[in-house]
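Chain letters run A, B, ... following the sequence lines, proteins first and then strands; every chain starts at 1.
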Amino acid sequence: MRGMHDRLPEEMRRLEKVILIIKNVFKKYGFEQIETPALEYWEFLSGKDRYGEEEKLIYRFKDRGGREVGLRYDFTVPLARVMATYTDITLPFKRFQIQQVWRGDSPQYGRFREFYQCDADIVGSNSMIAEAECISINYEIFSLLGFKEFKIRINNRKILQSLCNYCQIEPDIQLQVFRAMDKVERIGIDGVAEKLELHNVPVEKRKKLIDILQDCKQISDLKKVLKNEPGVTEIIEIFRLLSYLNVPQKDYCFDIWMARGLDYYTGPIFETAVKKPKIGSLASGGRFDKLVEAFKPGHIMPATGISIGLERVLVAMKELDLCPTPDTYVKVLVAIFDPSHIEQTMQIAYKIRNCGIQTEVYAQPDKINTQFKYADKRKIPFVIIVGPDEVKNKCFTIKNMATGKQQAKKMSDLIIWAKSILDK
RNA sequence: GUGAGUGUAGCUCAAUUGGUUAGAGCACCGGACUGUGGCUCCGGUGGUUGAGGGUUCAAGUCCCUUCACUCACCCCA
């Protein structure tokens, strides 16, 4: 399938390793895991304050009962649905979700139609503590994964809205303006101006806006234009909290141009990117205070969160060589020396497996040479052999594949030996 | 979804203006080494040239269709 791929053991091991790191950080911050179905009713996925124009990228079809359904496009909308449905959930609710999402996009480097995302969101909190926690998680994950040069850019939709209002840009085209701004790195300031022109923003308005944006290198620069702007106070608060959480200043920054394209953001927004490889953002997120309400009118429920693009992270890590493939988890290969000693051989496997050691019995009576080659190729650290000599002497032979050394041990020492390699 | 490029062995790549039976390295399999992997040496298997159709005496090479990948646009993780 276009934009989708099979994942063989080697890549699965890599994926599993990365997921484990991410999961542990989520848990470290007290988040609980949930899952939601791959399919959602179309009416939940579409409409105002959801994905905006991206709606056309949602896989949509009729189920056998003729109902309009769609594959989930992200976890934020399903989360809002969950919050609107289960009203007895204790707030603030901190949940994480690691599953696949589907987007009918044209596939490119680091861009797929089916991919894993890892989301962590906090529902029910208006406080910037929630933002700070999410950004801190974001920071911890990227540094634990081994990224050296990444930047978490932070902005606020409230600021952008206020700026648009200040420049008298109508609300109904503001999202288009945001999307144009977001592209500044690629198309330059003139490019942004052209886009604004395309969306019928008059010369004087777009000039005014771009001038402000250009002048605004840091958050304090905004105070001249926007007085008592809540969005500015929020960002300052987030920065203060981040310093308490010891998130290094070099890894995050305020960026007035970073705007995000999704419709549902209402407050602080963030995006994580690396310089190399050229792959777009690896993680993103923001506040979506009105989304739950969209499912249940009157049910006011502020929320904020981050989303990590696992698939893209894996591509980037591969490119930067941050992700050596872990060796197989199998610790011991029990070789089949010859079928007449199968009883002793299988019993050994049984016993060491019961010690909690991942043990593979070679699956057919091939030549011993072949079996050693197999162990070598799969990087299984130990091979156990039980042949005529061993049976005669009531012992078993262990070969350490890394050192090449082997020794015979008494059968009665099997469990002791097994336990000795448990921690290795 | 629109436009452009690429597609040759499991992988990385060769193959003259269209011209014999499509090659090499690595990988794989076998042997040297019949109770032992890596290293070395020797030998071997491996291809509907992405797929389908067309032009031609002759197609990996030219044309059309389709699929996959890459790039740009759109947009995003």
Separation of [N] [atom2] from [X] [atom1] (nearest whole Å):
X	N	atom1	atom2	answer
A/Trp102	B/A77	CH2	C1'	15 Å
A/Asn369	B/C29	CG	P	11 Å
A/Arg153	B/C76	CZ	C1'	13 Å
A/Gln176	B/C75	CD	P	7 Å
A/Asp338	B/U36	CG	C1'	15 Å
A/Ile368	B/C33	CD1	C1'	14 Å

Can you tell me the pairing partner of [N] across any strand shown, Watson-Crick or G-U wobble, with both distances under 3.5 angstrom?
N	answer
B/G3	B/C71
B/A27	none
B/U17	none
B/U8	none
B/U55	none
B/U49	none
B/U40	B/A32
B/A22	none

Could you tell me whether [X] contacts a base, only the sugar-phosphate backbone, or nothing, with contacts defined as non-hydrogen atoms closer than 4.0 Å?
X	value
A/Gly404	base
A/Arg186	base
A/Lys373	sugar-phosphate
A/Ala335	nothing
A/Leu262	sugar-phosphate
A/Ala402	base
A/Ser106	base
A/Gln117	sugar-phosphate
A/Asp182	nothing
A/Arg260	sugar-phosphate
A/Gln100	nothing
A/Tyr109	sugar-phosphate
A/Phe337	base
A/Gly285	nothing

Interatomic distance at P, B/C75 relative to B/G54, whole Å:
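Per the computed distance, 43 Å lies between those P atoms.
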
Quantified in whole Å, what is the P atom distance between nucleotide B/G60 and nucleotide B/G47?
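Each nucleotide's P atom is 16 Å from the other's.
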
Is [X] close enough and on-axis enough to [Y], meaning under 6.0 Å and within 45°, for cation-pi?
X	Y	value
A/Arg113	A/Trp102	no
A/Lys23	A/Phe96	no
A/Arg95	A/Tyr86	no

Nearest-0.5 Å distance that lies between atom CZ in A/Phe75 and atom CZ in A/Arg81
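CZ of A/Arg81 is found 12.5 Å from CZ of A/Phe75.
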
Between atom CG of A/Leu414 and atom CH2 of A/Trp417, what is the distance when rounded to the nearest 0.5 Å?
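The CG atom of A/Leu414 sits 7.5 Å away from the CH2 atom of A/Trp417.
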
Carefully, step by step, assess A/Asp119 and A/Gln97 under the rule side-chain hydrogen bond (donor to acceptor under 3.5 Å, both in side chains).
CA-CA 5 Å; A/Asp119 275 35; A/Gln97 190 164 357; over 6 Å; no

Select from A/Phe112 and A/Pro388 the residue whose nearest nucleotide in RNA chain B is closer to the 5' end of that strand.
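Closest to the 5' end, via its nearest nucleotide, is A/Pro388.
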
Report the residue (A/Ser281 or A/Arg111) whose heavy-atom-nearest nucleotide on RNA chain B is the more 5′ of the two.
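Final value for this comparison: A/Arg111.
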
Which nucleotide sits closest to the side chain of A/Lys367: B/C75, B/G35, B/G31?
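Closest nucleotide to the A/Lys367 side chain: B/G31.
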
Please tell me whether A/Phe150 and A/Phe142 form a close aromatic pair, meaning their ring centres lie under 6.0 Å apart.
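Yes, close enough.
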
If you take atom types as modelled and just measure distance, does the side chain of [X] reach the base of [N] with a donor-acceptor pair under 3.5 Å?
X	N	result
A/Gln406	B/G37	no
A/Arg103	B/C75	no
A/Lys56	B/G1	no
A/Gln371	B/U36	no

Looking just at side-chain N and O atoms, do A/Tyr374 and A/Glu360 make a donor-acceptor pair shorter than 3.5 Å?
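Note: A/Tyr374 and A/Glu360 side chains meet the donor-acceptor criterion.
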
Under 5.5 Å centre to centre and under 30° between planes: does that hold for A/Tyr374 and the six-membered base ring of B/G37?
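Taking the rule of under 5.5 Å and under 30°, the ring of A/Tyr374 does not stack on B/G37.
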
